[in-house]
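The shown structure was predicted, so the numbers you read here are calculated from the model rather than taken from an experiment. Start at 1 with the first residue, then count along the sequence. No hydrogens, no waters, no symmetry mates; every other heavy atom, side chains included, goes into these values.
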Amino acid sequence: LLASSAASDVYKRQVYNKGMEIERAIKMLCAENELSISELARRMNMSPQALSQKIKRGTFSLDDLKTVAILTSTKFECTFELADGTKIKL
């Protein structure tokens, strides 16, 4: 039980940190493109509140991130990197 609890705590920290990374990236993309979070939300066909919650929780899907990339004229890449350095793009 203790090991399970420790693993759960590590997972929660990783999710929190990933959420913070996504929040920072989204805010940087908006600033670079002179977009407000509200305007980005409108362009994503969601309410500003819904987007703010996604940002706060870090609950973006790959499709959400691809949409943000399109709307901010940026390139989004997602890859797995194997121990030998081989990269597998999604």
Value rounded to 0.5 Å, distance of OG1 in Thr74 from CD in Glu32: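 Interatomic distance, Thr74 OG1 to Glu32 CD, rounded to 0.5 Å: 10.0 Å.
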State, with a plain yes or no, whether a side-chain heavy atom of Leu82 is found less than 4.5 Å away from one of Ile88.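 The answer is yes; the side chains approach within 4.5 Å.
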Do Asn33 side-chain atoms and Leu35 backbone N/O form a donor-acceptor pair below 3.5 Å?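 Not a single qualifying donor-acceptor pair exists.
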Check for me, please, whether Phe76 and Ile26 land in the same ILVMFWY cluster - side-chain distances under 4.5 Å, paths through other members count.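 In one cluster: yes.
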What about Ile70 and Met28, same hydrophobic cluster or not, with Ile/Leu/Val/Met/Phe/Trp/Tyr joined at side-chain heavy-atom distances under 4.5 Å?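 No, separate clusters.
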Is there a side-chain contact between Ile37 and Ser52 in this structure, where contact means two heavy atoms from C-beta onward sitting under 4.5 Å apart?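 Side chain of Ile37 against side chain of Ser52, heavy atoms only: contact under 4.5 Å found.
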Does a donor on one side chain and an acceptor on the other come within less than 3.5 Å for Ser38 and Ser36?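 The answer is no; no qualifying pair exists.
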Heavy-atom check, side chain of Glu81 versus side chain of Thr86, under 4.5 Å: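 Not touching, per the 4.5 Å side-chain cut-off.
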Less than 4.0 angstrom from a charged side-chain N to a carboxylate O is my criterion; do Glu23 and Lys56 meet it?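 Lys56 and Glu23: not salt-bridged.
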Salt bridge (Lys or Arg N to Asp or Glu O under 4.0 Å) with Lys87: which residues, sequence neighbours excluded?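 Not a single residue meets the salt bridge (Lys or Arg N to Asp or Glu O under 4.0 Å) criterion with Lys87.
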From Arg42 CZ over to Ser47 OG, what is the distance, rounded to the nearest 0.5 angstrom?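 So the CZ of Arg42 and the OG of Ser47 are separated by 13.5 Å.
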So, are Glu21 and Arg24 salt-bridged, with charged N and O less than 4.0 Å apart?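 No, Glu21 and Arg24 are not salt-bridged.
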Would you tell me whether Asp64 and Ser61 have side-chain atoms, one donor and one acceptor, within less than 3.5 Å of each other?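 Their side chains do contain a donor-acceptor pair, which is all the 3.5 Å distance test asks for.
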Are Leu51 and Leu40 close enough, and set up right, to give a side chain to side chain contact (heavy atoms under 4.5 Å, CB included), and what steps lead you there? CA-CA 8 Å; Leu51 180 57; Leu40 180 62; 4.0 Å; yes
Can you confirm whether Thr72 sits close enough to Cys30 that some side-chain heavy atom of one is under 4.5 Å from a side-chain heavy atom of the other?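 Heavy-atom side-chain distance check fails, nothing below 4.5 Å.
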As an exercise, state the distance from CD1 of Ile22 to OG1 of Thr59, rounded to the nearest 0.5 Å.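 One gets 8.0 Å once the value is rounded to the nearest 0.5 Å.
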Measure the CD-CG distance between Glu39 and Leu71 for me, rounded to the nearest 0.5 Å.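 Taking CD in Glu39 and CG in Leu71, the distance rounds to 9.5 Å.
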